[in-house]
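In what follows, a single structure is set out as structure tokens and then discussed.
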Amino acid sequence: MELSRIAVAGASGLIGGALVRSLVADGHEVVRLVRRAPRSADEVRWDPERKYVDVAGLAGCDAVVNLAGANVGSRRWTEAYKARLRSGRVLGTAALAEAMASLDKPPRVFVNGSAIGYYGETGERAVDESAPPGEGFLPSLVVDWEGAAAPAREAGVRTVFPRTGLVVARQGGAWGRLFPLFKAGLGGHMGDGRQYWSFVSLHDEVAAIRHLIDTDGLSGPFNVTAPQPLTNREITEVMGRVLHRPTLFAVPAPVLRTVLGEMAGDVLGSARVLPKRLLESGFTFAFPDIEGAIRAAVDSGGGGPAAAR
């Protein structure tokens, strides 16, 4: 990839932070979108909930990557929090898409973060990008989230949606909560443990986003999940083996529903998602299996090398 100017929204998050480190390490100029007054020349003001972007700050950017949005799994899904999840993603995406469309020379590519929540509950059925959306809050959110990018696509910007699975990392995301539990010997499967979890190492997540930025002709949805999704019970066993801890403390489904409310459906639900289009595009996973992904997270302390090339 030639040296580029790339704008990143959500640069302080788990994936965004790793992506920025990777890009900077390779000499790219990164512009960070921030919600406060900019403090340096590499920051641009935006307010996703109010659909505001300092359009001038995007001028000259070759790519825009949007990874912003409140963490889906950080708290119980109250109606207020669901509204926040929706507004941050849908309005933020629309703001960026409209800002790009207004430029005389828009960026060549818009990589807008998405999620495998699009597919909803799949049970044991494996799905790829050709599958329709599921039912419920997350699928409807993802449909609207991706749909909000339409102005960029209509303006001729190549628009890509990395539908990310569960990112294996020691800090941040769902796995960031699992590691301390397992290290303390309190790990165990959730519910009956038969639900599929589609995971991806942080290293491969960053590498996939960069692949989608770099590869001309790629557009639309791409599942960013390792090619071998496993059940929660199987993942639990590998976690225990890698961390040398017992995995005896299974969490019954009723307890999860009491503690997590509606969000428990995302933990107990099964999503067996395959990265068909990503593999067909020539992408190679560094950590295609769960043991490798977990060991990479343990060895790095943060889920993967700072520079995923």
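When a residue number appears, it is its place in the shown sequence, counting from 1.
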Under the salt bridge (charged side-chain N to carboxylate O under 4.0 Å, His left out) rule, collect the residues that match up with Arg245, sequence neighbours excluded. none
Side chain to side chain donor-acceptor pair (under 3.5 Å) contacts in which one or both residues fall within residues 7-18, not counting sequence neighbours: none
Non-hydrogen side-chain atoms of Val273 and Pro229 separated by less than 4.5 Å: no
Kindly give the heavy-atom pair with the smallest separation between Ile15 and Val206, and that separation in Å. O-CG2, 4.4 Å
Shared hydrophobic cluster for Val111 and Leu14 (ILVMFWY, side-chain gaps under 4.5 Å): yes
Non-hydrogen atoms of Gly165 and Ile116 that approach each other most closely: CA-CD1, 3.7 Å
Output yes when Arg277 and Glu280 qualify as a salt bridge under the 4.0 Å nitrogen-oxygen rule, no when they do not. no
Just so I know, are the side chains of Val34 and Val44 near enough to count as touching, which here means a heavy-atom distance under 4.5 Å? no
Might you work through the side chain to side chain donor-acceptor pair (under 3.5 Å) test for Ser4 and Glu29, ending with a clear yes or no? CA-CA 6 Å; Ser4 302; Glu29 179 185 358; over 6 Å; no
Is it true that Trp175 and Val298 fall in one hydrophobic cluster, defined by side-chain heavy atoms closer than 4.5 Å? yes
Does Thr225 have any side-chain hydrogen bond (donor to acceptor under 3.5 Å, both in side chains) partners at least two apart in sequence or in another chain, and if so, which? none
Does Arg241, at its CZ atom, have more than 12 non-hydrogen atoms belonging to other residues, nucleotides or ligands within less than 6.0 Å? yes
Locate the shortest heavy-atom distance separating Ser270 from Gly123; write the atom from each residue and the value. OG-O, 2.7 Å
For Ser87 versus Arg84, what's the shortest heavy-atom pair and its separation? OG-O, 3.3 Å
Should Arg35 and Glu49 count as an ion pair when the cut-off is N to O under 4.0 Å? yes
Taking atom CZ of Arg45 as the centre, does the number of heavy atoms from other residues, nucleotides or ligands within less than 6.0 Å exceed 12? yes
Under-4.0 Å salt bridge between Glu124 and Arg272: no
Please determine whether a side-chain nitrogen of the Lys or Arg among Arg233 and Glu237 lies less than 4.0 Å from a carboxylate oxygen of the Asp or Glu. no
Quick one: does Val64's side chain get under 4.5 Å of Val8's, heavy atoms only? no
Donor-acceptor under 3.5 Å (Gln195 side chain, Gly193 main chain): yes
Side-chain heavy atoms of Phe161 within contact of Tyr118, under 4.5 Å: no
Single-linkage hydrophobic cluster Val242~Val168, side-chain heavy atoms < 4.5 angstrom: yes
For Glu43, which residues count as a salt bridge (charged side-chain N to carboxylate O under 4.0 Å, His left out) partner, sequence neighbours excluded? Arg36
Would you mind reporting whether Trp197 and Thr231 have side-chain heavy atoms less than 4.5 Å apart? no
Taking side chain as C-beta onward, heavy atoms only, is Ile213 less than 4.5 Å from Val65? yes
Residues that Phe285 engages under ring pair (Phe, Tyr, Trp, His ring centres under 6.0 Å), provided they are two or more places apart: Phe283
List the steps, then state whether side chain to side chain donor-acceptor pair (under 3.5 Å) holds for Asn223 with Tyr119. CA-CA 11 Å; Asn223 295 334; Tyr119 304 103; 2.7 Å; yes
Between Arg158 and Leu218, is there a donor-acceptor pair closer than 3.5 Å when you use the side chain of the first and the backbone of the second? yes
Kindly indicate, with the supporting measurements, whether the criterion side chain to side chain donor-acceptor pair (under 3.5 Å) is fulfilled by Ser281 and His211. CA-CA 9 Å; Ser281 73; His211 174 76; 2.8 Å; yes
Let me see the working for Glu129 and Lys276 under salt bridge (charged side-chain N to carboxylate O under 4.0 Å, His left out), right down to the final yes or no. CA-CA 7 Å; Glu129 293 87 353; Lys276 183 174 184 289; over 6 Å; no
Side chain to side chain donor-acceptor pair (under 3.5 Å) between Thr93 and Asn66, intermediate numbers included: CA-CA 7 Å; Thr93 296; Asn66 179 24; 3.2 Å; yes
Using the test salt bridge (charged side-chain N to carboxylate O under 4.0 Å, His left out), find all partners of Arg86 that sit at least two apart in sequence or belong to another chain. Asp144
Determine, stepwise, if the pair Arg32 / Asp42 fulfils salt bridge (charged side-chain N to carboxylate O under 4.0 Å, His left out). CA-CA 6 Å; Arg32 299 166 176 82; Asp42 65 349; 2.8 Å; yes
pair Val90-Leu141: side-chain heavy atoms closer than 4.5 Å: yes
Using a 4.5 Å cut-off on heavy atoms from C-beta on, say whether the side chain of Arg210 contacts that of Leu19. yes
Would you say Val53 ends up clustered with Ile6 if hydrophobic residues are merged whenever their side chains have heavy atoms under 4.5 Å apart, either directly or through other cluster members? no
Without swapping roles, check the side chain of Ser140 against the backbone of Gly136 for a donor-acceptor pair under 3.5 Å. yes
Roughly how far apart are Asp54 CG and Asp47 CG, rounded to 0.5 Å? 12.5 Å
